[in-house]
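Note sheet for the following structure.
Just so we're on the same page: letters track the sequence lines, and every chain starts at 1. Keep in mind that what you see is a predicted model, and the values were worked out from it rather than measured.
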Protein chains: 2
Amino acid sequence: MQVLFKDFEEILPLTDHEKVLIESKISFQKIKRKSLVLKEGKVCKLYTYIQSGCFRMYGIDDKGFSHNIQFAAEGDWIADIGSFYTQTASKLNIEAIEDCEIYQINQPDLYWLLENLPKVNRMFKVISENNFVEIQNRVLQNFSSTAEQRYLSFLEQYPHLSSRLPNTQIASYLGITPEFLSKIRKGLTKKRL
Amino acid sequence: MQVLFKDFEEILPLTDHEKVLIESKISFQKIKRKSLVLKEGKVCKLYTYIQSGCFRMYGIDDKGFSHNIQFAAEGDWIADIGSFYTQTASKLNIEAIEDCEIYQINQPDLYWLLENLPKVNRMFKVISENNFVEIQNRVLQNFSSTAEQRYLSFLEQYPHLSSRLPNTQIASYLGITPEFLSKIRKGLTKKRL
DNA sequence: TCTCACACTTAAACTAGATTAAGAAATGGA
DNA sequence: TCCATTTCTTAATCTAGTTTAAGTGTGAGA
């Protein structure tokens, strides 16, 4: 739990009492590569903090193809916020791309902390605002019409992940085929010479 | 102000006292077609309720082309929530597509109402959740790779607006050229025969 | 009433990116 | 360690959507 608190305390220091309360509501999990913490059609009941590993959030289109919306790694929180807040069925999946160590909290427990610990409240206000901004940026990023530009802004947004993620996952995020991503990369290395 | 209250009271009835308080914080405006209620680079200071007329929210790419993210008409609330909540510069513009009658509230006044009137708080929780879901659906909609499918889901989402908006605005929302939208429409009318 | 700026359509030439296929490289599980 | 599966790359062919250009409304302001 230290990592979570360290993260938290970069913004707001916590008393021991607060830490005990938070600890009592949060549960630790190890989960395997390729397993899901959220499946479409289900309500998103858990908010997940990532201690180690990496997740992708994706939707599936009518033809059965999946499309990555977002990645999340160490230090990030991830959930389908819409589904979590309204407790309605989600249209999204959240899958571990690597073996992961995570902390999770369910909706009633989080709401209890939000009401009773002002620091947690402030912290989560920031987290959900960031989340909103991120998804809005996702929409804005899609404006850059060429795939090469989108790839470049992906590299800026996820510099630590670009070498860690399989190309297929990146292509799915960019909305192109892995073959075409390969072509783009080739083009870029040529330009660099 | 009646229209706003009527809207509101479909969800929660208000006392006269509450109405007076709300009225004291909200200001009425008439604004002309093509004028902006939010300009990129500025902080989004006002939350806008639309009594009549219609707005588009759009971003501008590096090449100077604008891309519609969202439309809003009678009964809708519109703002760049990210910018409004964090009071940081917005990357978006909100422009009247028709002459409009609107009510607006600024951030401190809204926050005051949220803290002092639980009904307003509940109401805005729903409004901002819907807003989040809407922008997330926008991302999901973009999955349907063909422009025709995206056009069809646009028609479902904005049935009342499809005949009211200029084709150019719809094309900008769909991420295609007006020429190609024209082609799609032609194709669809043929299919219908 | 005229006109000027916009909106809509059509069509021909062009391009970004998809699809298919096939071989090479890397990775993980037993 | 070896096999199986997944991942990456290249290249040829194909298509959805762009670009350019030209012609046709249409409504608001002078």
Side-chain angles (χ1 to χ4, degrees), chain A residues 30-35 53-54 56 58 61-68 71 95-100 141-155 161-191, chain B residues 32-35 53-54 56 58 61-68 71 95-100 141-155 161-191:
Chain A
K30 284 194 180 195
I31 77 161
K32 281 278 166 200
R33 181 166 172 268
K34 298 221 171 174
S35 53
C54 167
R56 68 186 181 116
Y58 65 97
D61 69 22
D62 355 301
K63 286 170 196 153
F65 294 112
S66 58
H67 303 261
N68 291 340
F71 297 112
E95 186 196 79
I97 297 183
E98 307 168 350
D99 293 353
C100 294
Q141 225 179 61
N142 264 38
F143 289 170
S144 354
S145 47
T146 77
E148 184 174 300
Q149 285 172 324
R150 270 179 282 142
Y151 177 58
L152 291 172
S153 33
F154 162 81
L155 290 180
L161 288 182
S162 60
S163 54
R164 197 164 141 193
L165 293 170
N167 252 356
T168 45
Q169 297 302 342
I170 299 175
S172 161
Y173 178 88
L174 297 174
I176 59 176
T177 55
E179 290 83 356
F180 192 58
L181 177 54
S182 213
K183 219 170 176 176
I184 290 173
R185 287 184 136 167
K186 197 183 168 189
L188 285 175
T189 50
K190 265 190 192 165
K191 275 187 197 169
Chain B
K32 282 278 167 202
R33 180 167 172 267
K34 298 221 172 175
S35 52
C54 167
R56 70 184 179 115
Y58 65 97
D61 69 22
D62 356 301
K63 287 171 195 154
F65 294 113
S66 58
H67 303 261
N68 292 338
F71 298 112
E95 185 196 80
I97 297 183
E98 308 167 349
D99 293 353
C100 294
Q141 228 179 59
N142 264 40
F143 288 170
S144 352
S145 47
T146 77
E148 185 174 300
Q149 285 172 322
R150 271 179 282 142
Y151 178 57
L152 292 172
S153 35
F154 163 80
L155 290 179
L161 288 182
S162 59
S163 54
R164 199 164 139 193
L165 293 170
N167 253 356
T168 44
Q169 295 303 340
I170 299 175
S172 162
Y173 177 86
L174 298 174
I176 58 176
T177 58
E179 290 83 357
F180 192 57
L181 177 53
S182 213
K183 220 169 176 177
I184 290 174
R185 286 183 136 166
K186 198 182 169 190
L188 286 175
T189 50
K190 264 188 193 166
K191 276 187 196 168

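In the helix from C/dT1-D/dA30 to C/dA30-D/dT1, the end axes, each obtained as the rotation axis mapping the C1' atoms of four pairs onto the next four within a five-pair block, lie 50° apart to the nearest 10 degrees.
Considering all non-hydrogen atoms of both residues, A/Cys54 and A/Cys100 come closest at N-SG, 3.3 Å. Between A/Arg33 and A/Ile97 the shortest heavy-atom distance is CG-O, 3.3 Å.
For B/Phe71, the ring-ring contact (aromatic ring centres under 6.0 Å, His included) partners at least two apart in sequence or on another chain are B/Tyr158, B/Tyr173.
Spacing between atom CG of A/Asn142 and atom P of C/dG17 amounts to 12 Å, rounded to whole angstrom units. Summarising the geometry, the separation between CG on A/Leu165 and C1' on D/dT6 is reported as 15 Å, rounded to the nearest angstrom. Atom CD1 in A/Ile184 sits roughly 9 Å away from atom C1' in C/dG17 (whole-Å rounding). Straight-line distance from the CZ atom of B/Arg33 to the P atom of D/dG27: 12 Å, rounded to whole Å. Rounded to whole Å, the distance from CG on B/Asp99 to P on D/dG29 is 9 Å. The nearest whole Å value for the distance from the CZ atom in B/Arg164 to the P atom in C/dC8 is 15 Å. Straight-line distance from the CD1 atom of B/Ile97 to the P atom of C/dC6: 15 Å, rounded to whole Å. When the P atom of C/dT9 is taken as reference, atom NZ of B/Lys186 falls 10 Å away, rounded to whole Å.
For B/Phe180, the side-chain atoms get nearest to D/dA16 when compared with the rest of C/dG17, D/dA16, C/dA21. Listed nucleotides: C/dA18, D/dT10, D/dT18. Nearest to the side chain of A/Ser182: D/dT10. Here D/dT20 is the nucleotide among D/dT20, C/dA21, D/dG17 with the atom lying nearest to any side-chain atom of B/Glu179. The nucleotide whose nearest atom lies closest to any side-chain atom of B/Lys183 is, among D/dT18, D/dC8, C/dA18, D/dT18.
Judged by distance alone, with hydrogens and angles left aside, the side-chain atoms of B/Arg150 form a donor-acceptor pair with the main-chain N or O of B/Leu174 at under 3.5 Å. Side-chain atoms of A/Asn167 do not come within 3.5 Å of backbone N or O of A/Pro178 as any donor-acceptor pair.
Place B/Lys34 and B/Leu181 on DNA chain C by their nearest nucleotides, and B/Lys34 ends up nearer the 5' end.
For the OP1/OP2 pair of C/dA18 and a distance below 4.0 Å, the side-chain nitrogens and oxygens of A/Thr177 include at least one atom meeting the criterion. Using a 4.0 Å cut-off, no side-chain N or O of B/Lys32 falls inside it from OP1 or OP2 of D/dA28. Residue B/Asn167 has a polar side-chain atom (N or O) positioned under 4.0 Å from OP1 or OP2 of C/dT9.
Here the straight-line distance linking atom OG of A/Ser66 with atom CZ of A/Arg56 works out to 4.5 Å at 0.5 Å rounding. Note that CD of B/Glu179 and OG1 of B/Thr168 are 10.5 Å apart. Values are rounded to the nearest 0.5 Å.
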